[in-house]
Protein chains: 2
Amino acid sequence: MPADTSIIPEVRLNLVAPDIEAPVAVATLLADRNRTTILAILRDGPHCVCELAAALGERSNNVSNHLARLREAGLVRASRMAADTRRVYYERDEAACTAALSQLKGVLEPIR
Amino acid sequence: MPADTSIIPEVRLNLVAPDIEAPVAVATLLADRNRTTILAILRDGPHCVCELAAALGERSNNVSNHLARLREAGLVRASRMAADTRRVYYERDEAACTAALSQLKGVLEPIR
DNA sequence: GAACTGTGTCACCCGTGACTGACACAACCG
DNA sequence: CGGTTGTGTCAGTCACGGGTGACACAGTTC
């Protein structure tokens with residue numbers, strides 16, 4: 001005879017996948033060692049490309065590529081300083097970083 | 001005449017790249033649409049593989065692969081329930097998720 | 001026992017993305 | 001002006017990882 005199926009939880013096939021584009025985009029940026037290290041180093045203030053390249057042990061054009069990705073995402077800003085216009089200094093956009101963190105909280109934090 | 005070089009910031013080539021293995025590992029897991037969606041869906045309680053597969057529009061073996069990655073990272077747990085031993089139910093490990101979020105905070109939050 | 005459903009494992013294919021090399025541009029110096 | 005340094009761009013190459021297909025295993029039903 002069949003078991004009491006009433007206590008077997010029904011399979012829910014109508015689950016809706018939530019919108020996770022933004023957090024995935026943030027995580028994709030952080031999923032690279034060089035980009036995450038750049039963001040970590042910039043926490044102590046602006047640095048130029050050559051400094052970051054030396055710290056990472058990477059070529060400057062490669063670092064420049066990663067900085068472009070971070071810049072397009074708004075996480076960092078580039079500027080030439082008056083005292084040293086030859087080098088380009090990058091600094092974090094703390095507001096954007098906080099917003100990015102919020103996206104990840106939306107996935108990793110318990111339901112509110 | 002030469003500019004006053006004393007105001008030109010010296011290039012710091014002695015920067016030390018911080019340890020970012022853990023946050024990169026977390027971000028790598030979240031950098032995939034299916035894995036992030038799984039974590040988001042599991043916020044409302046345990047679900048079996050077939051439910052997750054239906055919600056994602058993916059095949060169950062593919063979802064099982066992603067769940068294995070999440071399981072190895074400790075973010076989810078698998079269990080067979082007494083009322084339905086045929087299916088495997090997955091649930092979030094909230095403590096591990098919180099710990100994972102802390103790793104990302106260490107990169108995205110401003111310096112303390 | 002056989003048949004079936006749900007899940008897990010693994011080799012394979014293939015697209016995405018990181019690193020490279022060559023080159024171009026910007027800003028300084030002689 | 002030409003030379004040098006710092007940075008950016010882009011096509012090419014290659015490794016990594018996600019999806020698939022085939023199969024094995026667990027648990028249930030007949």
Considering only D/dT20, D/dT7, C/dT7, which nucleotide approaches the side chain of B/Asn65 most closely?
D/dT20

Any idea which of D/dT20, D/dG8, C/dC19 is nearest the A/Glu58 side chain?
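Within the option list, the nearest is C/dC19.
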
Could you state the atom-to-atom distance from [atom1] of [X] to [atom2] of [N] in whole Å?
X: B/Glu72; N: D/dG17; atom1: CD; atom2: P; value: 13 Å
X: B/Asp84; N: C/dG6; atom1: CG; atom2: C1'; value: 10 Å
X: A/Ile38; N: D/dT7; atom1: CD1; atom2: P; value: 12 Å
X: A/Arg71; N: D/dT7; atom1: CZ; atom2: P; value: 12 Å
X: A/Leu56; N: D/dT7; atom1: CG; atom2: P; value: 13 Å
X: B/Glu51; N: C/dT5; atom1: CD; atom2: P; value: 18 Å
X: B/Leu70; N: D/dG17; atom1: CG; atom2: P; value: 15 Å
X: B/Met81; N: D/dG27; atom1: CE; atom2: C1'; value: 16 Å

Whichever of A/Asn62 and A/Arg86 has its nearest DNA chain D nucleotide further upstream toward 5':
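Its nearest nucleotide lies further toward 5', so the answer is A/Arg86.
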
So, [X] side chain and [Y] main chain: donor-acceptor pair closer than 3.5 Å or not?
X: A/Arg43; Y: B/Glu109; result: yes
X: A/Arg69; Y: A/Ser64; result: no
X: B/Arg92; Y: B/Ala40; result: no

Tell me whether the side-chain N/O atoms of [X] come closer than 4.0 Å to OP1 or OP2 in [N].
X: A/Arg69; N: C/dA18; answer: yes
X: A/Asn34; N: C/dC19; answer: yes
X: A/Arg35; N: C/dA18; answer: yes
X: A/Arg59; N: C/dG21; answer: yes
X: A/His66; N: C/dC19; answer: yes
X: B/Tyr90; N: C/dG6; answer: no

Mapping A/Asp32 and A/Arg80 to their closest nucleotides on DNA chain C, which lands nearer the 5' end?
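The 5'-side residue here is A/Asp32.
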
Can you tell me whether the side chain of A/Asn61 and the base of C/dG21 have a donor-acceptor pair closer than 3.5 Å?
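Yes, a donor-acceptor pair under 3.5 Å.
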
Given A/Asp93 and A/Leu75, is the side-chain contact (heavy atoms from CB on, under 4.5 Å) satisfied, shown in steps?
CA-CA 5 Å; A/Asp93 185 323; A/Leu75 294 180; 5.9 Å; no

For B/Arg77, which of B/Glu72, B/Glu94, B/Glu91 qualifies under salt bridge (Lys or Arg N to Asp or Glu O under 4.0 Å)?
B/Glu91

